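Values in this document were obtained by computation on a predicted structure and should not be read as measured data.
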Amino acid sequence: MKRRLLAFITCMSLLLTTGCMAEKNTTTVSENSATAYSQSNTSEALNEKTENAKSEISSSTELTSSTAKTAEESSSSSTTKKTQVKTTTVKQKTTTVKPAADTVICTVEISCKTILGNMKNLKKEKTAFVPSDGIILKKTTVKLEKGSTVFDALKTACKENHCKSNCRYCKNGIQLEYEFTPGYNSYYIEGIHQLYEKDCGTESGWMYCVNGVFPNKGCDSYTVQNGDEIQWLYTCDLGSDVGNTY
């Protein structure tokens with residue numbers, strides 16, 4: 001009887017011990033499950049935060065890129081606007097130079113073309129002084145003081161210019177010789193470029209005309225006006241061969 005009771009107590013004790021261990025194991029499993037669940041939730045939360053962070057970084061990068069592109073386009077547009085500056089061409093007016101109130105401007109030409117058709121009558125020693133085209137001085141502009149005469153214009157033109165052949169007689173300008181004649185109270189032109197009166201016949205010598213007209217007065221008595229065209233012409237026939245009809 002005592003043995004049976006002892007055995008019963010022992011069995012009950014084992015059952016109680018086993019139950020407590022099972023409960024303890026169950027509690028441990030439950031705690032482990034809770035821990036695992038908590039870790040799972042934490043992992044998911046971390047993953048979600050990571051994804052959100054990546055998304056925010058991506059958005060920030062795109063915004064920065066977009067902002068940079070917009071700034072670049074704005075800068076480019078600004079540069080283009082600055083570059084596209086309209087160029088204005090200023091047209092300068094052509095101003096005609098007018099002589100001062102105390103000066104006059106005219107032209108002077110010296111020609112011996114008539115000699116070319118009368119070479120047989122020209123003195124042989126004077127052949128070297130006749131240009132091949134008969135022009136001793138082509139039309140040249142001369143500036144004079146107001147009130148100057150045709151004689152003054154001739155002297156100025158000969159002083160300021162040289163003959164085309166640069167002969168030894170024209171080192172200081174075109175050779176010119178004149179004489180004052182008291183009877184006419186005027187200067188008479190004897191020779192230009194070594195070509196004198198009667199060098200090409202008894203009726204040869206120098207004459208002048210202004211604007212195509214031969215004045216009936218001495219060259220030092222004709223006052224020059226602005227724009228006058230003066231010609232000194234060598235005649236071999238008292239002027240008829242150069243257009244003087246009087």
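Side-chain contact check for Thr103 versus Leu144: every heavy-atom pair is 4.5 Å or farther apart. Residues Cys106 and Glu229 have side chains not in contact (no heavy-atom distance under 4.5 Å, counting atoms from C-beta outward). Ile135 is listed as a side-chain neighbour of Glu109, based on a closest heavy-atom distance under 4.5 Å. Looking at Thr141 and Ile105, their side chains come closer than 4.5 Å, going by heavy atoms from C-beta outward. With a 4.5 Å cut-off on side-chain heavy atoms, Gln225 and Thr223 count as touching. A heavy-atom distance below 4.5 Å is found between the side chains of Thr140 and Asn161. Using a 4.5 Å heavy-atom threshold, the side chains of Leu154 and Tyr178 count as separate. For the pair Lys155 and Leu176, the minimum side-chain heavy-atom distance is below 4.5 Å.
By the criterion of side-chain heavy atoms lying less than 4.5 angstrom apart, applied directly or through intervening Ile, Leu, Val, Met, Phe, Trp or Tyr residues, Tyr196 is not grouped with Met119; the two fall into different hydrophobic clusters. The cluster map of Ile, Leu, Val, Met, Phe, Trp and Tyr, joined by side-chain heavy atoms under 4.5 Å apart, puts Leu238 and Tyr208 in different clusters.
When atom types are taken as modelled, the side chain of Ser204 and the backbone of Cys236 share no donor-acceptor pair closer than 3.5 angstrom. Between the side chain of His162 and the backbone N or O of Cys170 there is at least one donor-acceptor pair closer than 3.5 Å. Between the Ser221 side chain and the Lys217 main chain, no donor and acceptor come within less than 3.5 Å of each other.
A distance of 12.5 Å separates CD of Gln231 from CE of Met207, quoted to the nearest 0.5 Å. To the nearest 0.5 angstrom, Asn172 atom CG is 12.5 Å from Cys158 atom SG. To the nearest 0.5 Å, atoms SG (Cys112) and CH2 (Trp232) are separated by 14.5 Å. Rounding to the nearest 0.5 angstrom, the gap separating the CD1 atom in Ile136 from the CD atom in Gln175 is 9.5 Å.
Between Phe129 and Tyr169, the ring center distance clears the sub-6.0 Å criterion.
Heavy atoms only, all atoms of each residue included: Cys200 and Leu122 are closest at SG-N, 3.9 Å. Closest approach of Val224 to Val104, counting heavy atoms only: O-CG1, 4.1 Å. Closest approach of Leu233 and Cys209 over heavy atoms only: CD1-SG, 4.3 Å. Here the closest non-hydrogen pair linking Trp206 and Leu195 is NE1-O, 2.8 Å.
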- [ ] Just do the side chain to side chain contact (heavy atoms under 4.5 Å, CB included) check on Val210 and Val150 with the steps written out, would you?
- [x] CA-CA 9 Å; Val210 180; Val150 170; 4.0 Å; yes
Could you go through residues 182-191 and list every donor-acceptor pair under 3.5 Å that involves a side-chain atom there, pairing it with any protein atom two or more places apart or in another chain?
unit_1: Ser186; atom_1: OG; unit_2: Asp220; atom_2: OD1; d: 2.7
unit_1: Tyr188; atom_1: OH; unit_2: Glu197; atom_2: OE1; d: 3.2
unit_1: Tyr188; atom_1: OH; unit_2: Glu197; atom_2: OE2; d: 3.4

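The only option from Thr107, Val108, Asn211 that meets the side chain to side chain contact (heavy atoms under 4.5 Å, CB included) definition with Asp228 turns out to be Asn211.
For residues 111-123, the side chain to side chain donor-acceptor pair (under 3.5 Å) pairs, not counting sequence neighbours, are Lys123-Asp199.
Within 6.0 Å of atom CD in Glu177, more than 12 heavy atoms from other residues, nucleotides or ligands are found, so the atom counts as buried in its surroundings.
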